[in-house]
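Have a look at the structure below before the remarks.
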Amino acid sequence: MVSLGDSFTAGHGVHFEETYTYRLRKTLGDRYNVINLGQNGASTSREKQNYMRFIDSFGQQPDVLIFQYFGNDIEDFLDTSHCRFSRTSVSNFIIKFSYIYSLVDTIFLQKEFGSCYREALRNAYMDDGLFEKHKRQIKDLMRVIQSHNSKVIFVVFPFLHNETEILNSAKLYVEKLDGLYQTFCQKGDWFYDVSHAALSLKTSERVANFMDAHPSSKLHRLVANELEKMVASAEAGGDVDGAYTCK
């Protein structure tokens, strides 16, 4: 079993032993060798490169491929140069003498950049031309994976900052990816929307910390539990909260 994705799979913000991939390795160890191919900052094109490098290096075709998606995977088609912020000379001077000021200033800059960056992502998903190019990226990756006869579990994470962001993610990209999945999925594949698990937790329990909206250890655990159910019921096609299997 290979888990392909970005920093959400790599485990940014939590200990590696807390990631959903590691938890699966512990619970499925007698049935699967679980390999984590998550890479911080990886977009869809980079994930394809990572997958092909794995196949070429090890010469093994996964029985199950977990493809983890997050809302910045469309980044190949973004121009975020306008989102860069810099400190003033006064701020740089004060930072030398005040840790508290440095922390507050960093939080402010991160918030400003994050807001601009998310707006750029929203615009990309609403641009039909850009999203069509991105869909072709995803379908191309899926064709390569399916040519190796691997079962696919398509795991989609929403923006986790707060409940509103989670719900907005549905219209922005989760539902679109659900429709795309139905055009390429094969019997036994799964689509899993993590929004259901995310909404079961308070924001403070859901994210790594107040400056980092990556999944928390608790959310990784919930995702691992749901993925284990999908693997266990793959042939039976049993119900899993927030997920369904391709007919």
Quick one, T21 with T19, criterion side-chain hydrogen bond (donor to acceptor under 3.5 Å, both in side chains). Give me CA distance, side-chain angles, the key distance, then yes/no. CA-CA 5 Å; T21 303; T19 62; 4.9 Å; no
Go through the steps for T44 and R136 under the test side-chain hydrogen bond (donor to acceptor under 3.5 Å, both in side chains), then give the verdict. CA-CA 10 Å; T44 303; R136 287 197 291 271; over 6 Å; no
Check: L160 and P158 side chains under 4.5 Å, non-hydrogen atoms: yes
Any Lys/Arg nitrogen of E75 or R46 sitting under 4.0 Å from an Asp/Glu carboxylate oxygen of the other? no
For Y125, give me all partners under ring pair (Phe, Tyr, Trp, His ring centres under 6.0 Å), at least two apart in sequence or on another chain. F131, Y173
So E228 and L24, do their side chains get closer than 4.5 Å, heavy atoms only? yes
Is the ring pair F191/Y244 parallel, tilted or perpendicular, if the boundaries are 30 and 60 degrees? tilted
Any P62 side-chain heavy atom under 4.5 Å of I55 side chain: yes
Looking at K139 and E132, is there a salt bridge between them, counting it only when a charged N and a carboxylate O are closer than 4.0 Å? no
Mind telling me whether F54 and F58 have parallel, tilted or perpendicular rings, with 30° and 60° as the class edges? tilted
Parallel under 30°, tilted from 30 to 60°, perpendicular over 60°: which one fits the rings of F16 and Y22? perpendicular
State, yes or no, whether a side-chain contact exists between F157 and Q68 at a heavy-atom distance under 4.5 Å. yes
Partners passing ring pair (Phe, Tyr, Trp, His ring centres under 6.0 Å) against H12 (at least two apart in sequence or in another chain): H214
Minimum side-chain heavy-atom gap Y51-L65 below 4.5 Å: yes
For D56, does the CG atom sit with more than 12 other heavy atoms under 6.0 Å from it, leaving out its own atoms? yes
Compute the ring centroids of F159 and F70, then answer whether they are less than 6.0 Å apart. yes
Counting neighbours of NZ on K176 that are heavy atoms of other residues, nucleotides or ligands and sit closer than 6.0 Å, is the number greater than 12? yes
